[in-house]
Amino acid sequence: MSKIIAGIDFEAPSEVVARQLIGVTLLVNGVGGRIVETEAYDREEPASHCYIGETPRNFSMFGPPGRSYVYRSHGIHWCLNFVCRENGHGAGVLLRAIEPLVGLEQMRERRALADERLLCSGPGRLAQALGITRADNNLPLDGAPFTLLAGDQTVEVLTGPRIGISKAVELPWRFGLAGSRFLSKPFRQ
DNA sequence: CACTTGATGGTCT
DNA sequence: GACCATCAAGTGT
């Protein structure tokens, strides 16, 4: 049993998927770039939205792996996740930053005043630049509007604690492309 | 660079 | 009523 998209098995643990996604190209309606920062969230760990069980907000994390999970953050921003399924329980990967490569003009329009380095550097900024809304929730990642293209598997990946959470802060489940200037925050060595 | 604060509303107890 | 998987703009060092 497996669900493979762009060479990645979305039935693997979310921390494995999160690491493998670094370097993968993500396009939404043909606009996007290279994934440079992700975080893993798991059913058995209290920082995850699916820790408390299925609710109207998080139902897509309990559906098939290889789909999107989109939620509203702080009443203002949208955030995009990829759903995983490790050993039958839900999990997800939060997309935190991409290196903008395709459709720069459209991303600049959506992001108004942002300079290029801040176009997609942060989960809310990324979703805004890619035009993500609730309408993109619970959609398969191997069909429209999404395009995932396998990346270079030899890239150097940094790890560190996740950002902006208050529980399970010790888990090193944030991953980033070494040397990228598009990370939402530096990694401490 | 680090830290603080306001905006703003959905979600869950 | 408390708590956010955030951002931008502000002040301080």
Side-chain angles (χ1 to χ4, degrees), chain A residues 10 13-19 21-22 26 28 35-63 65 67-86 89-100 107-139 141 157-177 179-189:
Chain A
F10 282 83
S14 58
E15 66 270 28
V16 172
V17 175
R19 170 180 285 270
L21 280 169
I22 300 300
L26 166 65
V28 179
I35 298 170
V36 298
E37 182 182 338
T38 60
E39 284 177 356
Y41 289 88
D42 188 87
R43 176 78 173 82
E44 300 181 332
E45 155 271 308
S48 173
H49 287 176
C50 56
Y51 179 73
I52 59 174
E54 186 171 345
T55 70
R57 172 172 72 161
N58 67 16
F59 74 91
S60 48
M61 294 186 87
F62 292 83
R67 291 196 185 189
S68 58
Y69 163 49
V70 175
Y71 71 93
R72 183 90 108 153
S73 175
H74 292 256
I76 306 172
H77 304 100
W78 297 106
C79 292
L80 173 64
N81 293 254
F82 291 169
V83 174
C84 306
R85 165 139 317 105
E86 174 190 1
H89 67 252
V93 175
L94 172 66
L95 278 82
R96 287 198 55 93
I98 68 174
E99 175 181 347
M107 288 191 273
R108 286 199 190 95
E109 284 177 19
R110 291 166 174 158
R111 292 271 302 133
L113 302 174
D115 68 39
E116 181 171 332
R117 198 187 67 78
L118 295 176
L119 261 189
C120 307
S121 296
R125 294 166 177 153
L126 180 158
Q128 185 181 23
L130 268 47
I132 295 290
T133 69
R134 167 129 298 179
D136 300 300
N137 184 41
N138 198 34
L139 298 179
L141 298 173
V157 177
L158 306 174
T159 68
R162 295 173 294 182
I163 292 178
I165 58 173
S166 58
K167 299 166 187 165
V169 294
E170 72 287 351
L171 286 176
W173 280 6
R174 177 178 175 236
F175 303 92
L177 178 64
S180 173
R181 61 187 269 256
F182 296 97
L183 299 173
S184 68
K185 193 179 167 187
F187 282 75
R188 300 209 45 159
Q189 291 294 349

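Chain naming here is simple, since letters A, B, ... match the order of the sequence lines and numbering starts at 1 in each.
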Separation of C/dC7 C1' from A/R72 CZ (nearest whole Å): 14 Å
Atom pair distance, as rounded to whole Å: CG in A/L118 and C1' in C/dA8: 10 Å
Any idea which of B/dA7, C/dA5, C/dC4 is nearest the A/S166 side chain? C/dC4
Taking all atoms of both residues into account, what is the closest heavy-atom pair of A/S184 and A/A97, and its distance? N-CB, 4.3 Å
A/E39 CD to C/dC4 C1', straight-line distance once rounded to whole Å: 14 Å
Report yes if at least one side-chain N or O of A/R125 is closer than 4.0 Å to OP1 or OP2 of C/dA8; otherwise report no. yes
Take the protein atom CH2 of A/W78 and the nucleotide atom P of B/dG9, then report the distance between them rounded to whole Å. 12 Å
On the ring face of A/W78, is A/R134 found with NZ or CZ under 6.0 Å from the centre and within 45° of the axis? no
cation_pi(A/R117, A/F182) dist<6.0 Å, angle<=45: no
Minimum-distance nucleotide (side-chain atoms of A/S48 versus C/dT6, B/dC12, C/dA5): C/dA5
In whole angstroms, the gap separating P of C/dC4 from CZ of A/R57 amounts to 11 Å
Please report, rounded to the nearest Å, how far the C1' atom of C/dA5 is from the CG atom of A/N137. 15 Å
Taking the minimum atom-to-atom distance to the side chain of A/K167, which one of C/dA5, C/dA8, C/dC4 wins? C/dC4
Quick test of the criterion, 5.5 Å between centres and less than 30° between planes. Is A/Y41 stacked on C/dA5 or not? yes
Applying a 3.5 angstrom cut-off to the pairing atoms, does DNA chain C sit in any stems of at least three consecutive Watson-Crick or G-U pairs? List them by first number. B:1-7 with C:6-12, B:9-12 with C:1-4
Going through the checks in order, is the side chain to side chain donor-acceptor pair (under 3.5 Å) test met by A/N137 and A/S60? CA-CA 7 Å; A/N137 184 41; A/S60 48; 3.0 Å; yes
Are the aromatic rings of A/H49 and A/Y71 close, with centres under 6.0 Å apart? yes
If you draw the axis of the six-membered ring of A/Y41, does the NZ or CZ of A/R162 fall within 45° of it and under 6.0 Å from the ring centre? yes
So if I take every side-chain heavy atom of A/H74 and compare against C/dA8, C/dA5, C/dT6, which nucleotide ends up nearest? C/dT6
Approximate separation, where rounding is to 0.5 Å, of A/L80 CG and A/I132 CD1: 5.0 Å
Rounded distance (Å) that lies between atom C1' of C/dC7 and atom CG of A/D115: 14 Å
Around A/F62, counting heavy atoms of other residues, nucleotides and ligands shown, do more than 12 lie under 6.0 Å from its CZ? yes
Which nucleotide, C/dC4, C/dA5, C/dT6, lies nearest any side-chain atom of A/H77? C/dT6
So what does A/R111 hit on the nucleic acid, given a heavy-atom distance under 4.0 Å: a base, only sugar-phosphate, or nothing? sugar-phosphate
Remember a base hit wins even if backbone is also touched, and classify A/I76 as base, sugar-phosphate or nothing at under 4.0 Å, heavy atoms. base
Comparing A/Q128 and A/L80 on DNA chain C - which has the more 5′ nearest nucleotide: A/L80
What integer distance in Å separates A/Y51:OH from C/dC3:P? 17 Å
